[in-house]
Asks: 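Mind having a look at this structure? Questions to follow.
Naming: A, B, ... by sequence-line order, numbering from 1 per chain. Given the structure is predicted, the values throughout are model-derived calculations rather than measurements.
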2 protein chains.
Amino acid sequence: MPGKRPAARRPTMKDIARRAGVSESAVSFALNDRPGVSEVTRDRVRRVAEQLGWRPSTAARALSGEGAATVGFVLARPAHTLGVDSFFLQLVSGIQEVLARRHLGLLFQVAADVEDECAVYRRWWAEHRVDGVLVVDPRTDDPRPDLLDELGLPAVVIGGAPDERHPGLSTVWADDAGAMASLVDGLHTLGHRRIAHIAGLPDLAHTERRIRALRAEAGRRGLTEVQSVTTDYSDAEGEAVTRRVLRSSAPPTALIYDNDVMAVAGVAAAAGLGFSVPADVSVVAWEDSALCRMVKPWLSALSRDSVEFGRTAATELVSLLDGGPARTVRVPVPRLIERDSTGPARAS
Amino acid sequence: MPGKRPAARRPTMKDIARRAGVSESAVSFALNDRPGVSEVTRDRVRRVAEQLGWRPSTAARALSGEGAATVGFVLARPAHTLGVDSFFLQLVSGIQEVLARRHLGLLFQVAADVEDECAVYRRWWAEHRVDGVLVVDPRTDDPRPDLLDELGLPAVVIGGAPDERHPGLSTVWADDAGAMASLVDGLHTLGHRRIAHIAGLPDLAHTERRIRALRAEAGRRGLTEVQSVTTDYSDAEGEAVTRRVLRSSAPPTALIYDNDVMAVAGVAAAAGLGFSVPADVSVVAWEDSALCRMVKPWLSALSRDSVEFGRTAATELVSLLDGGPARTVRVPVPRLIERDSTGPARAS
DNA sequence: TGCGCTCACTCAAGCGCTTTAGCTCAGCAC
DNA sequence: GTGCTGAGCTAAAGCGCTTGAGTGAGCGCA
């Protein structure tokens, strides 16, 4: 008897039809809220379906042209940077919340690089696996929008800048430039004149945006000793770059890190070099998480609601799947949470 | 012209059949390596398929009884504990690696609790969405194995103890008891007699295993001042519990944390109370990540290869899907990485 | 009474694939 | 010549659902 697989049979519409004494088509109409059946029949069918625990087979649905009831999400980052990043799990959990409500599945895949990611989209499309995708980490010179256009796959770009060249794509983005501007403004007010920006991956669109915004703000204020350095987001590079910039003859008095991991690593590196935070150097993390309260001093951070970000993106995709128009949605500008790592610049 | 969706048509087997001048059945045989076609035809068909960029429609495949080519993964943890946890992303990336090679999709879902998770399995099963699932966070008194048995859904339990009651399930697990034993042994050798174990979620099977193992080890050595306290894995509880245990009249000289996040929070809490690590109290984290090297002192940690763990689990599931037998696989015992947070007990 | 119309429903085809049964023809033994 | 075999292929059904084209009853209206 052991090892026996009962494998209870799944009920189908045919079963419902039989029990309700109507045709399969009637069942289909009834369950999909289509006209063509009386309210009485509809109710009866619904009751039978419920009672049988019926659920539509996604395979059959997909095959008859209804789409796969699934959206795709590819993460293309080097494996080692996937580590201690709270952003993606939060984002995904927000996405889920919205998708689950519509019984849409989330097909998740990690890819080695963007090229790989494109291959995944092609495969998903050819295999009829997804109805749309959520694209993260948009890049400067990104091949993905063109591809998705070509495939006719509805998509929402998360974190991209508005893009007129692809009117089919929705975009959900945060105003990095604005955030950077107010950040620089705050630091400037505190007397900081030498600022280093330890940025993320060089090819990412938002990295680019932040770098440009910083340069613009510096220009406007006549600050000449302002720099951005790109990294791979890892604690290792955060530490290495911090060490390098602080060792210069006129070290920065404020450090802006593009994520929390590097900021934490950076604080440790600064301490190692004898710099005290915030007395000698102020630190701000672009991304708030528990991490920021795990080190002394607690890190001031730009906080955004990543879960909400995910919700927004998913909502846009759902609307796209419903035939809605592509849109560009801006989520709220991240808010600076002032903690103990920022203070007035040391008088030079 | 803008907004036009070209929506290139997907090639089907019919297209291949036409171009290759054979019937659809022949194409099916050829492409699935089934007997019934000559090598010459097989080659020709394959070439045409390749040239057309054909990929089988998963929907059609699933409908004709081949399974959905997808496995499911549900994460049922309170949203706020999802934050800074490196384990799951690593695990998933290991899983992916194996699944991708077989062109299996990973359907991912976050659920509120185990009950919710069960509902997801039922739905997936009824909707024909997945061929098997990976179950994480096994619990004492877990409803999931029974359910999966009932549904006849192949499954691999990740982190569970071997379970004879469900011969249909595969299990991939680490020997927590052994790891705990050697940990206690090490601490005992260093002179520690009062040990506090800040454990994870109380219902998880591995939490239970570790607690029991600690108690057993303490019993064997006649240590009476050894305790385990369960938490929700969050930095907040890690900090609170640390504070509480260190405030007692005879505070522990060694702290074992069930994850890296709590360990880091704990070190900060200890420092706040005037305890120096490792002089006054030693700290070990059960889970190694970049976090452990982001604080001073660097944390000693039990390190396991989570990516490999994922690979192993996925491999087992694939074998199950191929009709292989259910198995129980043990992954290597986590290894203690000694850094700066452990040392001899202060002479009392 | 008969015409046309609507409503509620049924029939049957079709989505892209697998699979079983069957068909054809060459090769061979007798 | 007949009969058998097996290799190589085709025809057709079926998976569970949707959908457009019927069908037939009931009704209003001239």
Side-chain angles (χ1 to χ4, degrees), chain A residues 7-46 48-49 52-70 103 123-129 131, chain B residues 7-46 48-49 52-70 103 123-129 131:
Chain A
R9 208 174 64 81
R10 299 159 174 84
T12 73
M13 286 192 10
K14 195 179 284 176
D15 300 321
I16 302 180
R18 201 175 316 120
R19 308 255 297 227
V22 291
S23 74
E24 269 186 76
S25 331
V27 173
S28 177
F29 293 147
L31 294 174
N32 291 312
D33 289 322
R34 261 183 236 301
V37 287
S38 64
E39 272 314 304
V40 190
T41 312
R42 196 185 295 279
D43 272 8
R44 183 155 36 92
V45 168
R46 272 209 267 255
V48 175
L52 257 45
W54 177 86
R55 295 249 69 214
S57 146
T58 34
R61 272 244 164 103
L63 197 52
S64 39
E66 288 295 89
T70 306
H103 291 305
R123 198 153 52 71
W124 279 353
W125 172 82
E127 293 180 352
H128 232 131
R129 261 181 187 281
D131 301 331
Chain B
R9 210 175 62 81
R10 300 161 174 81
T12 73
M13 287 191 10
K14 196 180 283 175
D15 300 321
I16 301 179
R18 199 172 320 119
R19 308 256 298 229
V22 291
S23 73
E24 269 188 76
S25 334
V27 173
S28 176
F29 294 147
L31 295 174
N32 291 310
D33 289 323
R34 262 182 235 301
V37 287
S38 65
E39 273 314 304
V40 188
T41 311
R42 196 185 295 280
D43 271 7
R44 182 155 36 94
V45 168
R46 272 209 268 256
V48 174
L52 255 46
W54 178 86
R55 293 250 70 213
S57 146
T58 35
R61 271 247 164 101
L63 198 52
S64 36
E66 289 294 271
T70 305
H103 291 306
R123 198 153 53 69
W124 278 353
W125 173 81
E127 292 180 352
H128 233 134
R129 261 181 186 282
D131 301 332

Asks: Measure the shortest side-chain to side-chain distance between B:Asp15 and B:Arg10 over non-hydrogen atoms and say whether it is less than 4.5 angstrom.
Replies: no

Asks: What's the spacing between A:Ile16 CD1 and A:Glu24 CD if we round to 0.5 Å?
Replies: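 Going from the CD1 atom of A:Ile16 to the CD atom of A:Glu24 covers 9.5 Å.
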
Asks: Heavy-atom distance under 4.5 Å between the side chains of B:Arg46 and B:Asp33, does that happen here?
Replies: yes

Asks: Do the side-chain N or O atoms of B:Arg10 get closer than 4.0 angstrom to the phosphate oxygens (OP1, OP2) of C:dG16?
Replies: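 No, outside the criterion.
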
Asks: Base, sugar-phosphate, or nothing: which does A:Pro56 touch, judged by heavy atoms less than 4.0 Å apart?
Replies: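 Answer is sugar-phosphate: A:Pro56 comes under 4.0 Å of backbone atoms only.
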
Asks: In whole angstrom, give the distance that lies between atom CZ of B:Arg42 and atom C1' of D:dC9.
Replies: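 Distance check: B:Arg42 CZ to D:dC9 C1' gives 13 Å.
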
Asks: Taking only side-chain N and O atoms of A:Thr41, does any of them lie within less than 4.0 angstrom of OP1 or OP2 on C:dC9?
Replies: yes

Asks: Would a 4.5 Å heavy-atom cut-off, applied to side chains only, mark A:Val22 and A:Val45 as touching?
Replies: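 Side-chain contact under 4.5 Å: yes.
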
Asks: So which protein N/O to nucleotides 10-14 of chain D N/O distances come out below 3.5 Å?
Replies:
| unit_1 | atom_1 | unit_2 | atom_2 | d |
| --- | --- | --- | --- | --- |
| D:dT10 | OP1 | B:Ser23 | N | 3.3 |
| D:dT10 | OP2 | B:Ser23 | N | 2.7 |
| D:dT10 | OP2 | B:Ser23 | OG | 2.7 |
| D:dA11 | N7 | B:Ser25 | OG | 3.4 |
| D:dA11 | N6 | B:Ser25 | OG | 2.8 |
| D:dA12 | N6 | B:Ser25 | OG | 3.4 |

Asks: To the nearest Å, give me how far apart CG (A:Leu31) and C1' (D:dC17) are.
Replies: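 Roughly 11 Å, once rounded to whole Å.
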
Asks: Rounded to the nearest Å, what distance is computed from the CG atom of residue B:Leu63 to the C1' atom of nucleotide D:dG16?
Replies: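 The answer, rounded to whole Å, is 5 Å.
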
Asks: For A:Met13 and C:dG14, give me the distance from atom CE to atom C1', rounded to whole Å.
Replies: 14 Å

Asks: Just to be sure I understand the rule, does A:Ser28 reach a base, reach only the sugar-phosphate, or reach nothing, if contact means heavy atoms closer than 4.0 Å?
Replies: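 Base contact - A:Ser28 has a heavy atom under 4.0 Å of at least one base atom.
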
Asks: Could you tell me how far apart A:Lys14 (NZ) and C:dC11 (P) are, to the nearest whole angstrom?
Replies: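 Going from NZ in A:Lys14 over to P in C:dC11 covers 13 Å.
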
Asks: In whole Å, I'd like the distance from the CD atom of B:Glu66 to the C1' atom of C:dC15.
Replies: 17 Å

Asks: Expressed in angstrom and rounded to an integer, what is the separation of B:Arg34 atom CZ from D:dG8 atom P?
Replies: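 That distance rounds to 17 Å.
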
Asks: Is the distance from OP1 or OP2 of C:dC7 to the nearest side-chain N or O of A:Ser38 less than 4.0 Å?
Replies: no

Asks: What residues, two or more places apart in sequence or in another chain, satisfy salt bridge (charged side-chain N to carboxylate O under 4.0 Å, His left out) together with A:Asp131?
Replies: none

Asks: Calculate the interatomic distance between A:Glu127 atom CD and C:dC17 atom C1'; express it in whole Å.
Replies: 13 Å

Asks: Check the surroundings of atom CZ in B:Arg19: do more than 12 heavy atoms from other residues, nucleotides or ligands lie under 6.0 Å from it?
Replies: no

Asks: So how far is it from B:Glu127 CD to A:Arg55 CZ, rounded to the nearest 0.5 Å?
Replies: 4.5 Å

